[in-house]
Novice: 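What follows is a single structure, and I will ask about it in a moment.
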Amino acid sequence: MTKILTGGVGKVEVTKAIGGLGIDSLDIVQSSDMDAAMKLRAGQADYFLGTCHTGAGASLGVLVGLMGSAACHTFGRSVPSEEEVGTLLTAGKKVFGFSMDQIDVIAPLLARSIAARG
């Protein structure tokens with residue numbers, strides 16, 4: 001079971017978007033940024049999906065500070081391709097940020113890519 005934590009202003013919407021996919025191998029849990037960082041560092045969670053109004057930084061501020069930029073990526077206002085998401089996951093990114101108005105597209109894309117990795 002892969003555990004994904006959601007945070008930021010759109011954490012409820014991200015949780016619903018991913019939960020609605022019906023992917024049994026994913027456990028989706030709402031979290032605070034600080035709790036997420038601690039759980040990721042302790043190996044109690046696998047990924048964090050954070051949202052803010054722009055996707056430019058506030059979605060991941062605490063996580064970048066505690067996890068380091070090597071583990072984090074923000075899509076900002078862009079919508080990534082499936083290939084780009086795969087490349088980021090292969091590179092070891094575990095923390096992703098995006099804007100609230102991209103939740104319906106990016107959250108399912110990330111969830112399916114994460115689930116495909118087992």
Novice: Could you pull out the closest heavy-atom pair between Ala36 and Phe48, with the gap in Å?
Specialist: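 Taking Ala36 first and Phe48 second, the nearest heavy atoms are CB-CD1, 3.4 Å.
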Novice: Please walk me through it: do Met67 and Arg41 pass side chain to side chain contact (heavy atoms under 4.5 Å, CB included)?
Specialist: CA-CA 7 Å; Met67 298 291 295; Arg41 290 176 73 167; 3.4 Å; yes
Novice: Can you give me the closest heavy-atom contact between Arg77 and Ser99, atom names plus distance?
Specialist: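 Looks like NH1-OG, 3.1 Å.
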Novice: Looking at Lys93 and Ala70, would you say the former's side chain and the latter's main chain have a donor-acceptor pair under 3.5 Å?
Specialist: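 Confirmed, Lys93 side chain pairs with Ala70 backbone.
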Novice: To the closest 0.5 Å, what do you measure between CE (Met100) and SG (Cys52)?
Specialist: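 Here the rounded value is 9.5 Å.
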Novice: Could you state the interatomic distance from OG1 (Thr6) to OH (Tyr47), rounded to the nearest 0.5 Å?
Specialist: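 Atom-to-atom, Thr6:OG1 and Tyr47:OH are 16.0 Å apart.
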Novice: Please list all pairs meeting ring pair (Phe, Tyr, Trp, His ring centres under 6.0 Å) that have one or both residues in residues 65-95, counting only residues at least two apart or in different chains.
Specialist: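 Only His73-Phe75, Phe75-Phe96 qualify under ring pair (Phe, Tyr, Trp, His ring centres under 6.0 Å).
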Novice: Should Leu49 and Phe98 count as side-chain neighbours, where that means a heavy-atom distance under 4.5 Å?
Specialist: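 They are in side-chain contact.
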Novice: To the nearest 0.5 Å, how far apart are CG in Leu40 and CG in Leu63?
Specialist: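 Answer for the CG-CG pair, Leu40 versus Leu63, is 6.5 Å.
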Novice: If Ile, Leu, Val, Met, Phe, Trp and Tyr residues are connected whenever their side-chain heavy atoms lie under 4.5 Å apart, and connections chain through other members, are Leu21 and Val14 in the same group?
Specialist: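 Yes, it is one cluster - the side chains of Leu21 and Val14 are joined through contacts under 4.5 Å.
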Novice: How would you list, by chain and number, every residue that makes a side-chain contact (heavy atoms from CB on, under 4.5 Å) with Ser81, sequence neighbours excluded?
Specialist: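 Partners of Ser81 by the side-chain contact (heavy atoms from CB on, under 4.5 Å) criterion, ordered by chain and then number, come out as Glu83, Glu84.
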Novice: At their closest point, which heavy atom of Ala107 faces which heavy atom of Ala17, and how far apart are they?
Specialist: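 Looking at all heavy atoms of both residues, the shortest contact is CB-CB, 4.3 Å.
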Novice: Indicate the atoms forming the closest heavy-atom contact of Gly8 with Asp33, along with that distance.
Specialist: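 So the two residues come closest at N-OD1, 3.9 Å.
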Novice: Would you sort out whether Ile103 and Thr51 count as a side chain to side chain contact (heavy atoms under 4.5 Å, CB included), showing the intermediate values?
Specialist: CA-CA 8 Å; Ile103 289 172; Thr51 50; 4.0 Å; yes
Novice: Would you find more than 12 non-hydrogen atoms of other residues, nucleotides or ligands less than 6.0 Å from Met38 atom CE?
Specialist: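 Enclosed: over 12 neighbouring heavy atoms sit under 6.0 Å from CE of Met38.
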Novice: Do the non-hydrogen side-chain atoms of Leu66 and Met34 ever get within less than 4.5 Å of each other?
Specialist: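 In short, these two side chains touch, coming nearer than 4.5 Å.
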Novice: Going through the distances and angles, do Lys16 and Ile28 end up as a side chain to side chain contact (heavy atoms under 4.5 Å, CB included)?
Specialist: CA-CA 9 Å; Lys16 287 180 182 176; Ile28 313 299; over 6 Å; no
Novice: Less than 3.5 Å apart, any donor N or O on the side chain of Arg117 or Thr2 sitting next to an acceptor on the other?
Specialist: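 Per modelled atom types, Arg117 and Thr2 side chains form no pair under 3.5 Å.
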Novice: Using a 6.0 Å cut-off, check whether atom CG of Asp101 has over 12 heavy atoms from anything other than its own residue.
Specialist: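 Buried by this count: over 12 neighbours within 6.0 Å.
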Novice: Can you measure from NZ (Lys94) to CG (Leu88) and round to the nearest 0.5 angstrom?
Specialist: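 The distance works out to 12.5 Å.
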Novice: Determine whether a donor-acceptor pair (N or O, by modelled atom type, separation under 3.5 Å) exists between the side chain of Asp27 and the backbone of Met1.
Specialist: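 No, because the side chain of Asp27 does not come within donor-acceptor range (under 3.5 Å) of the backbone of Met1.
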Novice: Does Glu82 CD have over 12 foreign heavy atoms under 6.0 Å away?
Specialist: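 Counting neighbours around CD of Glu82, 12 or fewer heavy atoms of other residues, nucleotides or ligands fall under 6.0 Å, so no.
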Novice: Could you state whether Ile23 and Val105 fall into the same hydrophobic cluster, counting links through intermediate Ile, Leu, Val, Met, Phe, Trp or Tyr residues with side-chain heavy atoms under 4.5 angstrom apart?
Specialist: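 Ile23 and Val105: separate clusters.
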Novice: Which distance, rounded to the nearest 0.5 Å, do you find between the CG of Asp35 and the CG of Leu5?
Specialist: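 That separation rounds to 7.5 Å.
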Novice: Supply the atom-to-atom distance Ile18 CD1 to Ile114 CD1, rounded to the nearest 0.5 angstrom.
Specialist: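 Rounded to the nearest 0.5 Å, the CD1-CD1 separation comes out at 7.0 Å.
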